[in-house]
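Reviewing the structure listed below.
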2 protein chains.
Amino acid sequence: MSLRIALLGLLAASGPASGYDLTKKFETSLAYVWQAGHSQIYPELAKMAADGLVSVEAEGTRGRKTYTITPEGEAELHQWMVERDPVVPLRSESALQAFMVPLLEPDEAIAVLERMRAGSQARLAQLEALRETKTAAARLAEAEGRHPDAFGRYALDLGIRHARTAVEWASDSIADIRRRT
Amino acid sequence: MSLRIALLGLLAASGPASGYDLTKKFETSLAYVWQAGHSQIYPELAKMAADGLVSVEAEGTRGRKTYTITPEGEAELHQWMVERDPVVPLRSESALQAFMVPLLEPDEAIAVLERMRAGSQARLAQLEALRETKTAAARLAEAEGRHPDAFGRYALDLGIRHARTAVEWASDSIADIRRRT
DNA sequence: GTTGGCATGTAACCGGTTACATGATTTT
DNA sequence: AAAATCATGTAACCGGTTACATGCCAAC
């Protein structure tokens with residue numbers, strides 16, 4: 001279901017696109033909230049077209065098909081956004097690892113937490129860099145009178161806050177283990 | 001793979017248990033980091049026994065089989081804990097919803113964010129209650145000279161911090177939308 | 001003419017969910 | 001005697017990953 005919604009969202013926000021375009025948008029703009037490869041996207045677009053949520057607007061060279069969101073698709077997206085109550089899934093490998101950290105000897109536990117800290121720190125830097133480029137683009141757009149693209153803004157902020165939280169957690173946990181030994 | 005690790009972790013931390021016991025431990029102690037139902041657990045235990053990671057210690061009434069972790073199982077768990085570098089998976093339905101919030105009209109966006117805030121708040125309360133009962137049990141254990149069960153402590157802390165972060169994010173995002181309109 | 005990017009698809013497999021199915025023991 | 005809980009399993013299905021497979025077009 002969520003793959004459908006993500007595809008509808010991309011089409012709604014950025015206009016008509018091909019499967020190929022959408023695959024790249026997953027890599028660039030949507031990567032930190034949802035992932036999907038072309039092998040999943042092409043069949044899903046076909047199914048969505050059969051269900052009337054998107055339509056093939058044009059067929060270009062190299063068999064390129066440009067999909068557009070239909071009114072039915074917009075309705076589906078809107079309904080999902082408004083009615084779906086947010087589920088926290090929580091099946092996280094890192095959290096599982098964190099859970100079992102107390103099984104390790106203190107020095108090993110610290111090493112694991114140190115690696116987690118570094119990973120979250122890297123992620124934080126990456127997301128902050130992404131926000132930098134986005135705000136720069138937004139300022140430019142505003143200066144030129146275009147209205148800036150806010151799509152993804154809040155999710156990016158959430159990602160940054162989560163990464164920052166994870167860094168602090170790892171540091172504090174390391175300190176906690178040191179204190180106890 | 002992770003299901004195996006979770007099962008090995010539970011057996012290592014709490015001693016021999018049956019598939020039924022482990023299913024309940026998933027519901028109670030592990031639920032907020034990893035989920036698994038009995039239909040997944042029973043076949044996995046059988047495979048793990050075939051691979052020598054666990055062994056059937058005893059067969060009780062009603063066909064109950066008690067599994068124990070073997071030295072091979074302990075080695076596998078230890079290796080995973082120490083070598084696995086933490087992957088942030090990021091395929092989150094809530095994050096996807098957050099991503100697309102800017103597609104909505106301000107009042108709808110606020111309503112969605114308000115629901116998210118309430119959800120995270122509820123989750124926060126639940127995790128904090130869980131921590132309360134855990135620290136109470138730990139104090140009791142310490143008073144009686146037993147060493148308290150630290151298994152899951154850091155993951156619970158991480159979960160609480162994440163929930164708190166999500167609440168703040170939702171509040172700030174609502175304020176941001178109000179400011180812009 | 002060869003490399004690289006564009007562009008689309010299929011198939012095998014794996015992990016996880018839901019539903020089906022059975023029966024023993026304990027509690028009321 | 002009936003209901004609840006203990007206890008184990010299988011099967012169909014679904015979403016996602018990896019690998020396989022094909023071919024066009026542009027640039028060097």
Side-chain angles (χ1 to χ4, degrees), chain A residues 1-8 10-11 16-28 30-51 53-54 56-67 80 84 87-93 95-96, chain B residues 1-8 10-11 16-28 30-51 53-54 56-67 80 84 87-93 95-96:
Chain A
M1 198 77 263
S2 296
L3 174 58
R4 268 182 184 220
I5 297 301
L7 288 167
L8 290 172
L10 286 172
L11 289 171
S18 69
Y20 188 83
D21 298 335
L22 291 165
T23 302
K24 276 193 299 179
K25 277 181 188 163
F26 265 89
E27 284 162 17
T28 55
L30 212 58
Y32 58 96
V33 294
W34 205 264
Q35 287 161 258
H38 78 273
S39 67
Q40 214 186 341
I41 290 170
Y42 287 122
E44 187 64 30
L45 282 170
K47 274 188 241 157
M48 288 163 76
D51 292 349
L53 303 176
V54 298
V56 179
E57 198 196 40
E59 294 202 32
T61 74
R62 284 184 276 217
R64 178 193 173 93
K65 284 174 212 152
T66 306
Y67 290 92
W80 186 89
R84 175 87 184 181
V87 184
V88 185
L90 254 308
R91 175 176 279 129
S92 155
E93 235 177 64
L96 179 59
Chain B
M1 200 77 262
S2 295
L3 175 58
R4 269 181 182 222
I5 297 300
L7 289 167
L8 290 173
L10 286 173
L11 289 172
S18 69
Y20 188 83
D21 297 335
L22 291 165
T23 303
K24 277 193 297 180
K25 278 181 187 161
F26 265 89
E27 284 163 17
T28 55
L30 212 58
Y32 58 96
V33 294
W34 205 265
Q35 288 162 255
H38 78 274
S39 67
Q40 213 186 341
I41 289 168
Y42 288 122
E44 188 64 28
L45 283 170
K47 275 188 240 158
M48 287 164 76
D51 293 349
L53 302 176
V54 298
V56 179
E57 196 196 43
E59 294 202 33
T61 72
R62 283 185 278 221
R64 178 192 173 94
K65 283 175 211 151
T66 305
Y67 290 92
W80 186 88
R84 176 90 185 176
V87 184
V88 185
L90 255 308
R91 176 176 278 129
S92 153
E93 234 178 64
L96 178 60

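When reading the values below, keep in mind they use all heavy atoms of this one structure, side chains included, and skip hydrogens, waters and symmetry mates.
Atom NZ of B:K47 and atom P of D:dG9 are 14 Å apart (whole Å). When rounded to the nearest whole Å, the span between CG of A:L7 and C1' of D:dG16 equals 14 Å. Rounded to whole Å, atom P of D:dA7 lies 18 Å from atom CZ of B:F26. One interatomic measurement links the two molecules: CG of B:L90 to P of D:dG16, which rounds to 14 Å at whole-angstrom precision. The NE2 atom of A:H38 sits 14 Å away from the P atom of C:dA11 (whole-angstrom rounding). The CD atom of A:Q35 sits 18 Å away from the P atom of D:dG15 (whole-angstrom rounding). What separates CE of A:M1 from C1' of D:dG16 is a distance of 16 Å, to the nearest Å. Residue A:I41 contributes atom CD1, which lies 14 Å from atom P of D:dT18 at whole-angstrom precision.
A heavy-atom distance below 4.5 Å is not found between the side chains of A:M1 and B:E93. Using a 4.5 Å heavy-atom cutoff, the side chains of A:L10 and A:W34 are not in contact.
The side chain of B:D21 has D:dA7 as its nearest neighbour among D:dA7, D:dG16, C:dT8. Residue B:Q40 places its side chain closer to C:dG15 than to any other of C:dG15, D:dA7, D:dG16. Of the candidate nucleotides C:dC6, D:dT10, D:dG9, C:dC6 has the atom nearest to the side chain of A:Y20. The side chain of B:R91 sits closest to D:dG16 out of D:dG16, C:dT8, D:dT10.
Judged by closest nucleotide on DNA chain C, A:R64 is the one of A:R64 and B:S39 placed further toward the 5' end.
When all heavy atoms of B:L53 and B:L8 are compared, the closest pair comes out as O-CD2, 4.0 Å.
Among the protein residues, B:G37 comes within range of no part of the nucleic acid, since none of its heavy atoms lies under 4.0 Å from any strand.
Between C:dG9 and A:Y42, no contact under 4.0 Å exists linking OP1 or OP2 to a side-chain N or O. Residue A:K65 places at least one side-chain N or O under 4.0 Å from the OP1 or OP2 atom of C:dG9.
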